[in-house]
Amino acid sequence: LSTNLSHLFVKKPLLTQCLVEELTVTCHSLALQLNLLYEEVLYIILHRQGKPEPAYVADTNELYEYVEKVSPWAHPHPGQGRVQKPIFCLKVTVKQAKDILGKDVSGFSDPYCLLGIESKRQEPSSDSSSHPENKKPLKAVVKNLIPEDQTHRTQVINQTLTPVWNETFILYVSLLDLDVEESVRHKLGELTDLHGLKRMFKDARKDKGQDDFLGNVVLRLQDLHCRNDHWYNLEPRTETHPNRGQCHLQFLMTHKKRATSLSKTQPSYTVHRHLLQQMVLYEILQHQAGSTSWDGELSKHASTILYLHAAQKDLSDFHQVMWLAYSKLYQSLEFNCSCLLHQITSIEYQWIQERLQPEQKAELAESFQSLLAYGISLLRKYRIVFSLSSPTSTHRLQSLLRVLVQMCKMKAFQELCTLTPNLQQMVMEALKVQYHLSTMEENGKALVRLLMEVNGDLERCRKTWNKIFTKNQSCVCISRDGPLALTDFHQWFKEAIPKWLQKTYMIALERTQRAIQVDQLLPLGELNKHSTSTVDLSTCYAQIVKTWQQLDWPDPEEAFMIMVKFVEDMCKITLTYCKLIKTRAEELSSKQQDEGDAANRLCIVVNNVEQLRLLILKLPAQLDWGRLEQRMEHIIEPEQIQHTLHNQLQGTITCLDHEIRDVVQNLAKKLDTGISRHIQKLAASSDSNDPEDVVSAVLHWPFLNLLCAAIILCLSPTHYSLLELLWNHILNELTAAANQQQNSSRYYRKLQIALQTLEPCFHADGCGLPMDALRTPAFMDLEDGLKLRSATSRKLIQSYFSERIREQLEISSEKYGAVTIKALYRPSEQKLRVEVLNAVNLIPLDSNGSSDPFVQLTLEPRHEFPEVVARTTQCWKNELHPLFDEAFEFLVPPEKCQQDGACLLLTVFDYDKVGANDLEGEAFFPLCDVPGLNGDEEAADPARVSQTRLPLMHPKPTGDPLLKLLESRKGDKEAQAFVKLRKQRAKQSQESV
């Protein structure tokens with residue numbers, strides 16, 4: 001191909017000389033790029049594939065002529081042998097099928113597809129393609145058509161008549177019903193004599209075990225368009241079942257290993273965009289009315305070339321969007337920007353960020369930002385660019401604003417251009433009138449010089465000429481018509497006042513910025529916990545206050561407006577300072593990785609903002625708002641003054657409070673990292689460590705030193721919020737560690753000691769958080785949980801029985817009956833005497849509607865009474881109200897009876913000869929309340945001891961938390977034995993029924 005290009009391939013007959021000079025690029029690199037584009041266009045046309053579509057140009061010569069018109073040179077049509085051909089590929093996507101035949105006993109089929117391209121072409125007769133009956137032999141002869149290694153197969157979709165594959169292949173396609181007794185190799189051996197691309201579907205076969213043929217689709221490559229997406233009817237081999245259903249197929253004719261330079265060196269989407277730019281440029285310049293009359297529609301020839309290139313390179317719909325080319329050309333050749341709206345809609349509809357490469361995202365983001373900046377630059381000159389003398393200016397301006405608004409609303413723009421300012425703010429700034437500051441300053445300086453000269457002359461007259469004339473009164477007698485003092489001279493400066501105020505603001509802002517740049521965020525001393533920039537800012541405020549006092553504007557209404565401006569500027573400087581000082585802290589921390597220094601700097605930032613807050617609160621007194629309100633008493637309502645000045649000041653105070661909280665949260669985050677790391681390290685440490693070692697390890701955590709520094713550096717009360725954040729984070733971390741399933745109670749004991757150690761650190765002898773802020777509900781839950789989990793198994797068993805005793809005292813219902821006893825303790829003999837009197841209202845558990853009850857007496861917990869064996873009463877047959885009247889004595893010391901959870905467990909069973917005894921109910925009698933246990937022999941008199949009626953209970957089926965905790969301790973035999981016993985009891989519970 002000839003690529004000797006030296007100019008742009010665009011014609012410029014209607015451009016002005018200035019535009020012609022701008023577009024005529026003589027740079028060698030640009031000329032080379034255009035040469036390569038020309039080569040690419042010719043290659044696209046030369047190796048065109050597929051049957052031409054009606055919407056595009058079919059004649060190749062027309063396309064060559066179009067290229068010659070686009071370029072200012074003429075080239076002969078390239079020959080086929082002068083450049084290497086590409087590899088032609090047919091990309092086939094088997095989407096789905098519907099209404100196919102059911103060949104299995106179930107009425108369904110197990111369809112799959114075979115596909116391939118026939119390599120041995122058979123020559124049909126001259127008119128065979130025009131007669132449908134000539135297709136019939138092609139459907140019947142299917143043996144040895146395509147080699148197995150050149151055939152692709154889809155997945156088998158079991159038991160369906162509407163299979164969905166969505167698989168992409170290249171080659172011939174046929175659809176079969178899979179039977180496992182015959183291999184695909186054998187079936188493919190029968191495929192022969194098909195022309196072009198074919199689809200095979202399963203159909204019935206007489207011999208058992210073969211894949212049944214459903215139907216096929218015979219397609220010729222020369223009949224396919226470059227892109228195809230259609231439903232095709234499945235053709236039968238015989239006319240037994242002519243209606244075989246339909247198959248949905250997609251085709252795309254693509255290239256591989258193209259011989260052009262751009263295909264080898266640049267991404268396909270980049271080449272596509274460059275082609276589009278050149279063709280759009282040519283289309284714009286062809287319109288006689290100028291560039292703004294172009295509506296954005298490409299010619300049929302340009303669309304054909306772009307369509308062919310997109311198909312040959314298999315470009316996605318998103319990569320074919322013309323936004324990048326249009327938005328770039330709009331900035332150099334301004335046309336009607338309303339055509340950009342269609343491209344914005346295309347991007348929004350097809351936007352999926354994950355499918356773009358990083359360089360593509362950067363390119364798209366740059367196009368957004370570039371067009372936004374260009375549009376804003378036009379708005380700054382809107383009086384000139386969109387002059388009202390032009391009838392189309394209003395429409396052009398509206399179109400530009402609509403494009404900018406829609407672009408900024410796009411998901412792509414919001415995800416890629418996160419740092420772009422608000423569009424409304426940018427437009428408002430662009431529309432602001434820009435005054436010529438130099439002229440105003442000259443006027444102000446001239447007025448100042450005039451006043452100085454007048455004052456100087458009057459001073460000279462008083463000191464010199466007045467003395468001369470007063471000494472010679474007889475010579476000259478001067479009479480005055482009016483007062484000598486100047487009046488209303490402040491009106492001379494009225495026009496310059498806004499610029500003076502702006503100058504004051506800019507000087508204060510620049511000084512604040514310089515002060516922050518040199519601030520190292522170190523405290524000025526032991527008493528001053530803020531840094532140097534705060535001193536500079538307070539000096540700026542003092543100068544602004546002095547300026548107001550010296551100005552002393554006579555007109556009260558105008559003085560009020562000046563005051564509003566002063567307050568607004570000081571508030572803006574305040575908020576700017578907060579933003580810059582936080583940035584400065586981050587900058588210093590990035591250079592020094594020490595966590596302690598970073599935390600200390602944030603403490604200084606908190607103090608600086610707090611100091612600034614105090615300065616703002618002093619402004620009403622320093623600016624003498626009271627005197628101004630008196631002067632404005634009959635001019636402006638007090639509510640307006642309150643709304644304008646006080647509310648603005650209060651809003652700034654609120655912003656400062658928010659900034660303080662924000663910095664405190666950042667400081668807490670820096671400390672949170674150390675907190676999380678050390679708590680995890682503590683949780684992973686050995687469970688055999690002594691409590692003293694745990695306390696020592698906690699006290700040596702580095703973040704506690706930072707915490708102490710924060711308490712010392714931060715001014716009250718700002719550090720309370722910091723301490724609250726840190727304390728809540730510690731509680732969350734400890735809670736997360738406590739929720740881990742651990743078998744050892746020592747593990748939870750470590751966490752409990754850590755919590756007990758950290759609490760006084762945060763209280764800091766009253767300098768830190770108060771106790772009510774420390775003992776939050778989360779703290780109480782964590783403390784109770786750790787106390788429970790760190791307890792020994794015996795303690796947990798005692799707690800379990802304490803809970804049952806509490807339930808026994810609270811229960812009033814006798815749903816399962818009741819048992820009556822008398823219990824007393826004889827101190828002299830150290831014996832516990834229990835009389836089981838009777839049981840009433842027992843539930844019938846036998847088939848005869850009655851029960852055979854007896855009572856088992858055990859002292860619990862067992863580890864407290866290891867030598868005491870269980871006792872049982874006599875069994876009563878067929879009785880629901882048995883009268884036992886039996887006495888039992890247990891030899892136990894009194895201190896054992898006073899232990900937590902010590903109780904007498906009375907279990908009423910229904911005796912069964914076969915299998916386990918059924919549970920009637922159980923009752924828990926606390927031993928600490930037994931008469932005589934305190935050593936009083938008289939209280940242990942059986943005649944004086946009253947009866948105790950205990951309602952029977954059944955264990956709850958939901959499971960007790962204490963039992964779950966005991967069950968988790970797999971290595972504790974005593975805990976496992978206790979849980980097993982209680983689970984057996986729970987299985988007999990009537991509560992689970």
Side-chain angles (χ1 to χ4, degrees), residues 687-688 737-752 781-782 784-811 816 845 855-872 892 896-897 899-910 912 915-927 950 952-993:
D687 295 338
S688 61
N739 289 335
Q740 299 179 6
Q741 296 297 329
Q742 297 290 334
N743 296 333
S744 174
S745 61
R746 289 179 172 268
Y747 172 83
Y748 299 103
R749 178 58 179 164
K750 290 186 305 183
L751 302 181
Q752 183 184 30
D781 292 342
L782 177 60
D784 294 340
L786 291 177
K787 181 179 179 181
L788 187 65
R789 295 180 181 182
S790 61
T792 63
S793 297
R794 293 189 171 184
K795 284 291 185 181
L796 294 179
I797 293 174
Q798 288 179 286
S799 300
Y800 176 83
F801 283 109
S802 297
E803 287 293 324
R804 302 290 78 77
I805 292 172
R806 182 183 60 79
E807 292 180 7
Q808 185 71 61
L809 296 176
E810 293 177 354
I811 191 172
Y816 303 105
L845 297 177
V855 181
Q856 181 186 69
L857 295 84
T858 58
L859 297 184
E860 301 289 349
R862 296 288 179 86
H863 62 265
E864 293 291 346
F865 307 97
E867 304 297 332
V868 179
V869 297
R871 309 290 182 85
T872 58
V892 291
K896 290 291 184 178
C897 297
Q899 296 288 337
D900 292 338
C903 64
L904 171 65
L905 174 57
L906 299 106
T907 308
V908 182
F909 289 104
D910 170 40
D912 286 338
N917 298 324
D918 297 328
L919 177 67
E920 286 281 357
E922 58 184 6
F924 300 85
F925 179 74
L927 297 182
L950 299 173
L952 295 178
M953 302 186 302
H954 277 218
K956 295 181 179 179
T958 56
D960 189 274
L962 292 173
L963 292 180
K964 292 181 179 179
L965 186 57
L966 287 169
E967 187 178 9
S968 66
R969 299 180 178 182
K970 301 299 182 182
D972 193 329
K973 295 182 179 180
E974 185 175 6
Q976 296 302 314
F978 179 77
V979 172
K980 180 179 179 181
L981 180 62
R982 296 310 302 175
K983 278 189 171 182
Q984 292 175 351
R985 186 67 54 85
K987 289 181 180 179
Q988 299 176 309
S989 174
Q990 293 293 324
E991 291 288 336
S992 59
V993 177

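- A search for salt bridge (charged side-chain N to carboxylate O under 4.0 Å, His left out) contacts involving Asp960 returns Arg804, not counting sequence neighbours.
- Taken from CG in Leu919 to CZ in Phe909, the straight-line distance is 6.0 Å, to the nearest 0.5 Å.
- Side chain of Asn917 to backbone of Asp912: a donor-acceptor contact under 3.5 angstrom is found.
- In terms of the salt bridge (charged side-chain N to carboxylate O under 4.0 Å, His left out) criterion, residue partners of Lys896 (sequence neighbours excluded) are, by chain and number, Glu864.
- With sequence neighbours excluded, the residues satisfying side-chain contact (heavy atoms from CB on, under 4.5 Å) with Arg794 are Thr792, His863, Glu974.
- In terms of the side-chain hydrogen bond (donor to acceptor under 3.5 Å, both in side chains) criterion, residue partners of Glu920 (sequence neighbours excluded) are, by chain and number, Ser851.
- Residues passing the side-chain contact (heavy atoms from CB on, under 4.5 Å) test with Ile811 are Gln808, Pro951, Met953, sequence neighbours excluded.
- Note: Asp910 CG to Leu845 CG = 5.0 Å, rounded to the nearest 0.5 Å.
- Proximity of the aromatic rings of Tyr800 and Phe924 is defined here by a centroid distance below 6.0 angstrom, and this criterion is not met.
- In this view, Tyr816 and His954 satisfy the ring pair (Phe, Tyr, Trp, His ring centres under 6.0 Å) rule, not counting sequence neighbours.
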> Can you list the steps and then say if Thr907 with Val855 is a side-chain contact (heavy atoms from CB on, under 4.5 Å)?
Replying inline: CA-CA 6 Å; Thr907 308; Val855 181; over 6 Å; no
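- The structure places CG of Asp900 at 13.5 Å from CD1 of Ile797, a figure rounded to the nearest 0.5 Å.
- Pairing each heavy atom of Phe801 with each of Cys903, the nearest pair is CD2-SG, 3.8 Å.
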>> If you apply the rule side-chain contact (heavy atoms from CB on, under 4.5 Å), what do you find for Val892 with Leu927, and how did you get there?
In response: CA-CA 11 Å; Val892 291; Leu927 297 182; over 6 Å; no
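- With sequence neighbours left out, the side-chain contact (heavy atoms from CB on, under 4.5 Å) criterion links Asp781 to no other residue.
- Across Leu796 and Ala791, no two heavy atoms sit closer than the pair CD2-CB, 4.1 Å.
- Leu859 and Arg862 make their closest contact through O-CD, 4.1 Å (heavy atoms, listed as atom of the first residue, atom of the second, distance).
- Between the SG atom in Cys897 and the CZ atom in Phe865 there is a gap of 5.0 Å [rounded to 0.5 Å].
- Remark: Ser799 engages Leu962 in a side-chain contact (heavy atoms from CB on, under 4.5 Å) (not counting sequence neighbours).
- With hydrogens and angles disregarded, a donor-acceptor distance shorter than 3.5 Å links the side chain of Ser989 to the backbone of Pro955.
- Partners of Lys983 by salt bridge (charged side-chain N to carboxylate O under 4.0 Å, His left out), not counting sequence neighbours, listed by chain and number: Glu967.
- A distance of 7.5 Å separates CG of Leu809 from CD1 of Ile805, quoted to the nearest 0.5 Å.
- Considering Arg985, Gln988, Gln856 in turn, Arg985 is the only one that fulfils the side chain to side chain donor-acceptor pair (under 3.5 Å) rule with Glu922.
- A donor-acceptor pair under 3.5 Å is formed between the side chain of Gln976 and the backbone N or O of Arg969.
- Listed by chain and number, the residues in a side-chain hydrogen bond (donor to acceptor under 3.5 Å, both in side chains) with Arg871 amount to none (sequence neighbours excluded).
- For Arg806, the salt bridge (charged side-chain N to carboxylate O under 4.0 Å, His left out) partners are Glu803, Glu810, not counting sequence neighbours.
- Every residue was checked against the ring pair (Phe, Tyr, Trp, His ring centres under 6.0 Å) condition with Phe925, not counting sequence neighbours, and none meets it.
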